[in-house]
There are 2 protein chains.
Amino acid sequence: MSEVSAKKPSRIQRRNRRVILDAALNIFAQHGFRGATLDQIAAEAGLSKPNILYYFQGKEDIHVSLLSQLMETWLDPLVELDPQGDPETEILDYVQRKLDMARDLPRESRLFAGEILQGAPHMGPHLESDLKPLFDEKCAVISGWIDQGKIAALDPQHLIFSIWATTQHYADFEAQVSVLLEEEAANRQRASNHLRSLFSALLRPHTPPQSS
Amino acid sequence: MSEVSAKKPSRIQRRNRRVILDAALNIFAQHGFRGATLDQIAAEAGLSKPNILYYFQGKEDIHVSLLSQLMETWLDPLVELDPQGDPETEILDYVQRKLDMARDLPRESRLFAGEILQGAPHMGPHLESDLKPLFDEKCAVISGWIDQGKIAALDPQHLIFSIWATTQHYADFEAQVSVLLEEEAANRQRASNHLRSLFSALLRPHTPPQSS
DNA sequence: CGAAAATTTTACCATTTGGTAAATACACGA
DNA sequence: TCGTGTATTTACCAAATGGTAAAATTTTCG
């Protein structure tokens with residue numbers, strides 16, 4: 001009986017909450033938290049402002065809902081990094097998953113980036129409780145691989161930072177990337193190849209030229 | 001004679017404009033353009049709001065002034081990349097300069113990141129006119145090095161993106177980095193070493209990537 | 001000094017924005 | 001079909017915010 005209001009949500013409730021969150025994701029990702037207005041979100045969702053406030057306590061509530069919902073999706077690729085798998089494959093596949101995610105979910109990437117950029121005012125706890133343990137765990141996995149001589153001696157923490165930075169860059173700095181890159185269909189593949197080379201070179205810097 | 005109002009600025013003018021821009025940099029970097037208020041900037045600058053509007057046409061004018069002023073500083077490390085120098089040294093030194101800049105000027109990095117994240121609403125022209133030509137020029141330099149067999153066959157454009165992403169990450173995502181890294185004095189050096197390894201590994205192997 | 005120009009303050013204003021109260025329309029099970 | 005709880009709209013409001021007018025103060029310079 002710890003739940004205060006535990007009515008099961010109706011079909012309309014579920015639909016409208018989903019519609020609102022999707023609209024809010026568009027707006028928040030584009031303008032940031034302060035830059036977004038409830039009127040914009042309402043218009044995007046095709047609902048009236050008071051109607052939106054019927055489903056959410058307020059602007060901040062929507063934002064927080066989006067962020068915590070995003071956390072799961074966001075951490076998923078790292079969760080999948082398998083301690084039992086082949087180290088090089090695992091890490092390069094992780095890079096690829098992160099890149100795919102940045103490409104397929106740019107709104108989510110920008111929402112997250114904006115939040116962190118502002119000092120994570122709505123996410124401090126989540127970072128500590130969700131991200132930090134996972135990060136530490138996977139750093140330990142990578143350290144283990146290094147100790148076993150399976151990959152080069154690199155810095156696990158900063159390796160992960162580099163993977164995050166390079167992959168999310170394509171979503172977060174898309175406005176800049178698109179100015180500098182002529183629009184080509186092959187860009188996606190070129191980015192993927194580049195990152196593969198980049199991190200693959202780091203993992204086996206002293207290995208013979210060929211391996212496959 | 002093309003200047004409309006070309007009075008030379010007084011000492012007070014120069015001092016106050018500088019004070020305002022510095023205050024605005026603090027506020028804009030922390031809250032973004034929409035999140036920042038003139039009152040905050042005024043308080044930070046120790047001036048009254050109307051007094052600020054005596055020196056700048058409006059909020060947007062301050063923001064634009066900051067951004068165009070920043071452009072020079074920001075591009076400087078890339079300008080210094082010397083086509084005549086040793087390729088590996090030049091690129092690794094560029095990485096180091098960018099990392100130092102992210103560390104020493106985090107406000108500027110975040111201001112820039114926020115602007116790009118929102119789709120560069122105040123910087124589109126600057127990107128085209130200032131950044132793009134420089135970017136293309138330096139990509140050509142790197143391509144030249146590749147053609148001469150001085151470095152591995154890599155993708156110049158995406159290499160530069162990776163350098164930007166990894167270095168600026170430490171400023172832009174500082175809120176996340178500081179949660180995940182225990183505060184150590186050595187972190188700065190560790191990041192530097194890591195990035196050196198990362199890009200150095202990419203440059204060295206002259207083995208063309210396997211296509212599959 | 002003293003007047004003109006530059007600078008700063010005081011007192012406002014219009015708009016935007018997050019949010020609310022209450023009335024109204026609707027859905028759905030008995 | 002009817003009544004009850006759910007969903008939505010209408011009409012607002014108070015605070016915040018970008019900005020202005022004009023008076024008052026300070027600086028500059030002949």
Separation of [X] atom [atom1] from [N] atom [atom2], in whole Å?
X	N	atom1	atom2	result
A:Glu60	C:dT17	CD	C1'	15 Å
A:Ile20	D:dA7	CD1	P	11 Å
A:Arg14	D:dT6	CZ	P	15 Å
A:Arg17	D:dT6	CZ	C1'	15 Å

Residues passing the salt bridge (Lys or Arg N to Asp or Glu O under 4.0 Å) test with B:Glu60, sequence neighbours excluded, are none
Applying salt bridge (Lys or Arg N to Asp or Glu O under 4.0 Å) to B:Arg196 and not counting sequence neighbours gives none
Note to self: If you define the side chain from C-beta out and look only at heavy atoms, does anything of A:Leu21 sit under 4.5 Å from A:Phe56?
What the structure shows: yes
So do B:Gln157 and A:His194 actually touch side chain to side chain, heavy atoms under 4.5 Å?
no
**Message:** Is there a side-chain contact between A:Asn16 and the phosphate of D:dT6, meaning an N or O under 4.0 Å from OP1 or OP2?
**Reply:** no
| message | It should be established whether B:Gln13 places a side-chain nitrogen or oxygen under 4.0 Å from OP1 or OP2 of nucleotide C:dT7. | response | yes
Within residues 27-56 of chain B, the residues having a heavy atom closer than 4.0 Å to DNA chain D are B:Ala36, B:Thr37, B:Leu38, B:Lys49, B:Pro50, B:Leu53
- Taking 4.0 angstrom as the limit, do B:Glu182 and A:Lys132 come out as a salt bridge? yes
Test side chain to side chain donor-acceptor pair (under 3.5 Å), reference A:Asp100, set A:Arg103, A:Gln96, A:Arg97, output is A:Gln96
